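Everything quoted here is computed from the prediction, not taken from an experiment. Numbered from 1 within each chain, the chains take letters A, B, ... in sequence-line order.
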2 protein chains.
Amino acid sequence: MSTQSVVTAIRVIEAVSEDQPVGLSEVARELGGSKATVLRALTTLEELRWVEQDDSSKLWSLTAHAYAVAVRSGAMSTLRDIAIAPMNALQLATTETVHLAIPDGDILILAERLDTPHVLRAFLPLGSKIPLHASATGLAYLAASEETYVERYCESSLDSVTERTLTDRGMLLEEIRDVRARGYSINEEGLSTGITSLGAAILGPGGDPLGSVSVSGPSSRIVPERYAEYGHAVREAARAIGRAAARVGH
Amino acid sequence: MSTQSVVTAIRVIEAVSEDQPVGLSEVARELGGSKATVLRALTTLEELRWVEQDDSSKLWSLTAHAYAVAVRSGAMSTLRDIAIAPMNALQLATTETVHLAIPDGDILILAERLDTPHVLRAFLPLGSKIPLHASATGLAYLAASEETYVERYCESSLDSVTERTLTDRGMLLEEIRDVRARGYSINEEGLSTGITSLGAAILGPGGDPLGSVSVSGPSSRIVPERYAEYGHAVREAARAIGRAAARVGH
DNA sequence: AACCAGTGGTTTATTAGATGAACCGGAGTG
DNA sequence: CACTCCGGTTCATCTAATAAACCACTGGTT
């Protein structure tokens with residue numbers, strides 16, 4: 001691979017990001033590189049204000065500057081800006097937490113969230129990594145994906161997040177069929193215990209999924225009797241976002 | 001400076017981030033480097049899934065992966081998670097948009113936002129760069145900063161964002177004195193025309209500002225008669241966040 | 001049609017800079 | 001006091017980053 005120093009620098013950023021305040025040796029150990037190389041990358045990144053070091057503990061962290069640069073990722077910012085209005089309408093219609101997730105490899109990233117005034121509520125921090133098979137957004141995304149992609153994903157190890165996560169290959173495929181027939185996905189406590197979510201994929205002009213929206217709340221409020229109503233609302237929101245995205249930029 | 005290739009790679013990331021879908025030549029022109037060097041960085045970053053290229057237009061963009069990595073910056077994620085609850089309470093109390101901003105050099109970065117159900121509302125995308133002298137969050141941050149920092153900042157060029165932005169050095173210093181006496185900051189249409197905001201700084205254990213919270217809404221709703229009430233609420237929210245941060249471990 | 005200025009991308013010799021092993025001093029621990 | 005971890009440094013080796021010149025292509029102008 002080319003430009004090794006850049007590769008190590010980026011891997012350093014990713015390692016620091018995962019273990020937040022982290023020491024030099026641990027980063028070097030994780031990357032398999034020498035301490036000198038890692039320190040070199042860290043000091044360079046420090047000059048660029050991407051990482052900073054706590055004076056007393058000597059531990060390294062990512063700076064707000066790194067965040068400020070990366071929030072403007074292409075898919076992210078455009079889709080998020082488009083989605084805000086329909087998400088707001090969905091939030092008003094359901095009075096529950098609304099999520100927008102966009103794909104990054106074989107997971108989804110939580111890109112935006114509108115909270116509810118309820119005391120009891122779903123909560124996921126922005127930027128959370130969401131497994132496809134363990135979330136309403138993910139199931140909706142899978143159901144809208146090409147068959148070859150779904151099959152390939154099902155071959156991967158379906159790790160369980162809670163006791164109720166779908167980890168069986170056959171059941172997952174069956175669930176995806178159900179989502180396609182129903183038009184929205186249902187995830188009962190598969191990502192967070194006590195939280196039920198309904199999701200729908202946002203489709204691009206070619207029918208390819210750009211991301212997903214979902215409504216999440218405590219299972220005591222998101223009860224089966226409401227699935228049809230809320231599911232319909234989620235689907236309509238996803239469609240509205242898709243239409244708006246098509247209008248704005250291919 | 002050391003590790004030039006890393007420096008160019010990071011500068012490429014920042015350049016791409018600013019101009020979103022951008023071509024090779026333009027990036028090379030901005031950085032003053034050769035196209036070969038920039039392309040080298042871009043292809044390496046593509047392998048690392050930090051940038052991606054549109055097949056037809058050949059333009060480059062940042063990926064969601066970059067966002068996913070950088071969203072977990074140290075100060076960001078911890079302070080944001082802590083702040084969510086008090087921000088929610090503030091949002092309920094005022095029914096207006098609530099912002100959380102954290103410092104990055106001499107500006108603030110919008111780290112979190114809680115929207116309102118109002119049709120007419122303040123809107124800033126997450127990650128927005130907020131000038132200190134042109135925002136309620138910034139004025140509150142300045143008022144809580146050390147005198148030497150304030151003086152140094154006042155020496156910089158105070159660019160105007162709207163017609164009502166504070167650009168005069170003397171008036172800014174006077175405003176900061178007022179903020180200190182009052183306990184919260186007021187910004188009337190200095191950042192967005194038609195939007196008035198009230199802000200307060202979040203203080204760390206040593207009295208140093210970690211960031212700011214604010215309440216923003218159309219000037220028709222955020223009227224002077226409400227300043228005292230909303231200002232008090234903002235101040236209390238900032239204090240609650242500061243206390244919670246101290247409890248967790250700065 | 002011929003031209004031109006722009007694009008994205010490739011090749012090249014040169015040399016700058018990235019590398020890891022061995023090392024140092026300090027902090028904590030048995 | 002010995003042992004082991006830590007963050008950080010040094011240095012000889014040689015990989016890999018660099019910029020200029022180049023190519024092929026596209027779209028607009030004359």
Side-chain angles (χ1 to χ4, degrees), chain A residues 1-63 66 69 73-75 249-250, chain B residues 1-63 66 69 73-75 249-250:
Chain A
M1 201 183 292
S2 56
T3 53
Q4 290 191 3
S5 68
V6 172
V7 173
T8 57
I10 294 292
R11 289 180 63 209
V12 163
I13 289 175
E14 299 188 349
V16 169
S17 152
E18 294 214 350
D19 305 325
Q20 255 341 303
V22 66
L24 167 63
S25 294
E26 190 178 336
V27 176
R29 211 179 304 123
E30 276 177 22
L31 302 195
S34 69
K35 284 191 293 181
T37 305
V38 171
L39 183 63
R40 214 168 150 69
L42 281 170
T43 49
T44 304
L45 291 169
E46 188 178 30
E47 284 170 11
L48 294 162
R49 303 204 1 264
W50 272 63
V51 300
E52 62 193 351
Q53 186 179 32
D54 187 276
D55 289 333
S56 60
S57 68
K58 301 290 177 185
L59 297 178
W60 299 84
S61 315
L62 246 61
T63 64
V69 170
S73 55
H250 23 280
Chain B
M1 202 184 291
S2 56
T3 53
Q4 291 191 4
S5 68
V6 172
V7 173
T8 57
I10 294 292
R11 289 180 63 208
V12 163
I13 289 176
E14 299 187 349
V16 169
S17 150
E18 294 215 348
D19 304 327
Q20 252 341 297
V22 66
L24 167 65
S25 295
E26 189 179 338
V27 176
R29 210 179 306 120
E30 277 178 20
L31 302 195
S34 69
K35 284 191 293 181
T37 305
V38 170
L39 183 62
R40 216 167 147 70
L42 281 170
T43 49
T44 305
L45 291 169
E46 186 178 31
E47 284 170 11
L48 294 162
R49 302 201 6 259
W50 272 62
V51 302
E52 62 192 352
Q53 187 178 30
D54 187 275
D55 289 332
S56 59
S57 68
K58 301 288 178 186
L59 298 178
W60 299 84
S61 315
L62 245 60
T63 64
V69 170
S73 55
H250 40 276

*NA contact type, A:Gly33, heavy-atom cut-off 4.0 Å: base, sugar-phosphate, or nothing?*
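Nothing, no nucleic acid heavy atom in range.
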*asked:* Classify A:Gln53 by what it touches in the nucleic acid, base, sugar-phosphate, or nothing, heavy-atom distance under 4.0 Å.
replied: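 It contacts sugar-phosphate atoms only.
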*Looking only at N and O atoms, is any donor in the side chain of A:Lys35 or the base of D:dG7 less than 3.5 Å from an acceptor on the other one?*
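When only heavy-atom distances are counted, A:Lys35 does reach the base of D:dG7 through a donor-acceptor pair under 3.5 Å.
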State whether the side chain of [X] and the backbone N or O of [Y] hold a donor-acceptor pair below 3.5 Å, judged by distance alone.
X: A:Thr44; Y: A:Arg40; answer: yes
X: A:Thr63; Y: A:Arg49; answer: yes
X: B:Gln53; Y: B:Lys58; answer: yes
X: B:Thr43; Y: B:Leu39; answer: yes

Output the single nucleotide from [options] whose closest atom is nearest the side chain of [X].
X: A:Gln4; options: D:dT9, D:dA16, C:dG20; value: D:dA16
X: A:Thr3; options: C:dG9, C:dA18, D:dA17; value: D:dA17
X: A:Ser5; options: D:dA16, C:dA18, D:dG8; value: C:dA18

Strictly below 4.0 Å: does [X] bring a side-chain N or O up to OP1 or OP2 of [N]?
X: A:Ser34; N: C:dA21; answer: no
X: B:Thr37; N: D:dA17; answer: no
X: A:Arg29; N: D:dC6; answer: yes

*Which residue, A:Leu59 or A:Ala36, contacts DNA chain D at a nucleotide closer to its 5' end, judged by nearest heavy atom?*
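Residue closer to the 5' terminus by nearest nucleotide: A:Leu59.
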